[in-house]
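Just so you know, these numbers use all the heavy atoms, side chains as well, and skip hydrogens, waters and symmetry mates.
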2 protein chains.
Amino acid sequence: MQALTPPPVRLSEQLGESIEERIVTGVYPPGTRLDEQELAESFGVSRTPIREALIQLASIGLVEIRPRRGATVPEMAPDRLCEMFEVMAELEAMCGRLAARRILPAEQARLLEAHQACEAARQAGDPDLYYQLNEVFHRAIYDASHNGFLAEQATALHRRLRPFRRLQLRVRNRMNTSFSEHAAIVEAIIGGDSEKAGSMLRTHVIVQGERFTDLVATLRQMHNPPEAELAPAAV
Amino acid sequence: MQALTPPPVRLSEQLGESIEERIVTGVYPPGTRLDEQELAESFGVSRTPIREALIQLASIGLVEIRPRRGATVPEMAPDRLCEMFEVMAELEAMCGRLAARRILPAEQARLLEAHQACEAARQAGDPDLYYQLNEVFHRAIYDASHNGFLAEQATALHRRLRPFRRLQLRVRNRMNTSFSEHAAIVEAIIGGDSEKAGSMLRTHVIVQGERFTDLVATLRQMHNPPEAELAPAAV
DNA sequence: TGAACTATTCTTGTATACACAACATAGGTT
DNA sequence: AACCTATGTTGTGTATACAAGAATAGTTCA
């Protein structure tokens with residue numbers, strides 16, 4: 001019965017998720033001005049819940065609110081993205097280290113299951129599916145760390161980096177590389193090799209950040225006239 | 001001229017800080033119901049900015065909002081606190097590792113300065129002052145990591161753990177121990193010994209978490225009747 | 001006497017209205 | 001002609017009003 005009645009959730013929360021979705025999927029690219037009235041009309045609600053949603057998004061860094069000047073989607077400078085990937089790598093490494101020491105049999109099963117699901121997506125050559133299952137895989141590691149707070153932090157940052165990570169898997173062979181890295185990570189965790197699990201996860205993630213930065217750098221070199229080299233950094 | 005006019009900041013932000021202050025200083029202990037009307041009257045404003053402040057605090061985990069049931073100060077279970085200290089330790093360790101590799105001369109000077117200020121407070125036997133300068137010391141390390149995002153994350157978590165850490169320094173000799181650990185940390189960072197800086201900082205922080213947990217456990221044993229052992233965890 | 005149901009009240013969630021600051025544009029002055 | 005200023009417009013920030021769900025207390029029936 002409880003499943004039928006939708007969980008009583010604040011409208012502003014739902015709106016927050018919707019707006020977040022539009023941001024991470026590129027409907028609202030970085031730099032976009034988020035006009036409260038426009039959003040309110042577009043969602044068919046008043047400004048109040050929109051404001052609350054924006055404030056919540058602002059406090060997790062997904063939008064930027066400047067007093068009396070409204071909300072905008074922040075321009076993620078490549079530098080800052082690097083920093084975020086650097087932190088993400090360390091959080092994942094920590095999850096891996098703890099998971100290797102604390103993982104329970106049931107969680108081992110879940111991890112293997114997620115890994116095998118990834119294998120299926122890889123063989124099918126479906127990057128979108130792989131991307132999705134990849135999240136399940138990583139989440140399994142977060143949970144196995146048996147540190148709920150850490151898992152929350154890792155999940156939050158993972159979400160925030162989602163739009164940038166997504167581009168990755170299109171790169172030639174990235175899916176295959178990712179999968180073989182996963183295999184080694186699973187082995188280390190199941191085998192209880194804490195340090196190895198940590199360092200492999202760190203590399204696994206940091207590589208994505210570096211590759212992304214390379215990608216951005218290449219794109220900018222291609223698209224920008226030479227004298228624009230000093231232009232303010234923007235993705 | 002610009003310095004004279006106070007920075008135009010949203011009222012809800014100021015309120016958020018005030019409420020946060022009341023939470024971390026124990027004016028609103030865990031479990032407190034935060035009635036919007038009461039808060040509004042107590043601050044002499046309407047409910048709107050109060051709500052916005054609460055939503056912001058909720059999104060960083062400082063209050064808990066249950067739909068249609070209002071906001072409460074979350075009961076930090078000792079387990080969860082342990083988890084948070086575990087993450088804090090790792091963030092600090094990461095800051096230390098990066099700082100050892102990246103610190104600039106000017107930042108070295110700032111770090112030493114902060115360290116010497118702590119020494120003064122220690123000699124004066126002033127835990128409150130030491131506590132305050134200790135924050136400056138750690139902040140200097142965060143900044144020296146040259147990862148702005150990491151520094152933000154570390155600062156945020158540090159703030160959130162503030163009320164629990166504060167109790168620490170009253171413990172016998174803790175100030176002296178803390179200071180000598182600081183000295184070793186400074187040496188490692190200035191000396192560029194990345195791994196040592198990291199592991200020392202990790203220990204430095206994790207010890208606080210453990211000591212705090214011990215303290216909580218002791219207090220609960222003392223104050224709770226034996227049959228209360230199964231009671232829901234609350235600090 | 002106790003339990004369950006209903007009605008009342010209180011609090012949250014949303015909408016609307018108003019005030020004020022920031023930006024833009026146009027006009028005047030140097 | 002260029003720059004400064006004044007005014008109008010747009011949009012954020014706060015207050016108030018209203019609606020709906022949850023808690024509570026009171027009443028009725030078993």
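Rounding to whole angstrom units, CD of residue A:Glu64 and P of D:dT12 are separated by 15 Å. Taking atom CD on A:Glu52 and atom C1' on C:dA15, their separation rounds to 12 Å, with Å as the unit. Protein atom CG of A:Leu39 is 16 Å distant from nucleotide atom P of C:dT14, rounded to whole Å. A straight line from CG of A:Leu54 to C1' of D:dG13 spans 13 Å, rounded to a whole angstrom. As a whole-Å value, the separation of B:Arg10 CZ from C:dA21 C1' is 15 Å. Summarising the geometry, the separation between CG on A:Leu34 and P on D:dG11 is reported as 13 Å, rounded to the nearest angstrom. Taking atom CD of B:Glu13 as the reference point, atom P of D:dG13 lies 9 Å away to the nearest angstrom. Distance CD1 (A:Ile65) to C1' (D:dT12): 10 Å, rounded to an integer number of Å.
Proximity of B:Cys82 to A:Phe149: side-chain heavy atoms (C-beta onward) are nowhere separated by under 4.5 Å.
In the interface, the side chain of B:Arg47 is paired with the base of C:dG13 through a donor and an acceptor atom under 3.5 Å apart.
Residue B:Arg68 has its side chain nearest to D:dA20 when only C:dA21, D:dA20, D:dA15 are considered. The side chain of A:Pro67 has D:dG13 as its nearest neighbour among D:dT12, D:dA15, D:dG13. Between D:dA15, D:dG13, C:dA15, one nucleotide has an atom nearer to the side chain of A:Glu36 than all others, and that is D:dG13. Closest contact between the side chain of A:Asp35 and the listed nucleotides D:dG11, D:dT16, D:dG13 involves D:dG11.
A donor and an acceptor atom, one from each side chain of A:His146 and B:Glu83, are nowhere located under 3.5 Å apart.
Summary of the strand contacts: A:Ser12 and A:Arg66 both lie near DNA chain C, and taking for each the nucleotide with the nearest heavy atom, the more 5' one is attributed to A:Ser12. Mapping A:Arg69 and B:Arg33 onto DNA chain C by nearest heavy atom places B:Arg33 at the nucleotide closer to the 5' end.
Contact check, B:Thr48 against D:dT14: no side-chain N or O comes under 4.0 Å of OP1 or OP2.
Taking the side-chain hydrogen bond (donor to acceptor under 3.5 Å, both in side chains) definition, one finds that A:Glu64 meets it with nothing, sequence neighbours left out. Under the salt bridge (charged side-chain N to carboxylate O under 4.0 Å, His left out) criterion, A:Arg159 pairs with A:Glu20, not counting sequence neighbours.
Taking every heavy atom of both residues into account, A:Tyr142 and A:Thr155 meet most closely at CD1-OG1, 3.6 Å.
Among the atoms of the strands shown, base atoms are found under 4.0 Å from some heavy atom of A:Arg51.
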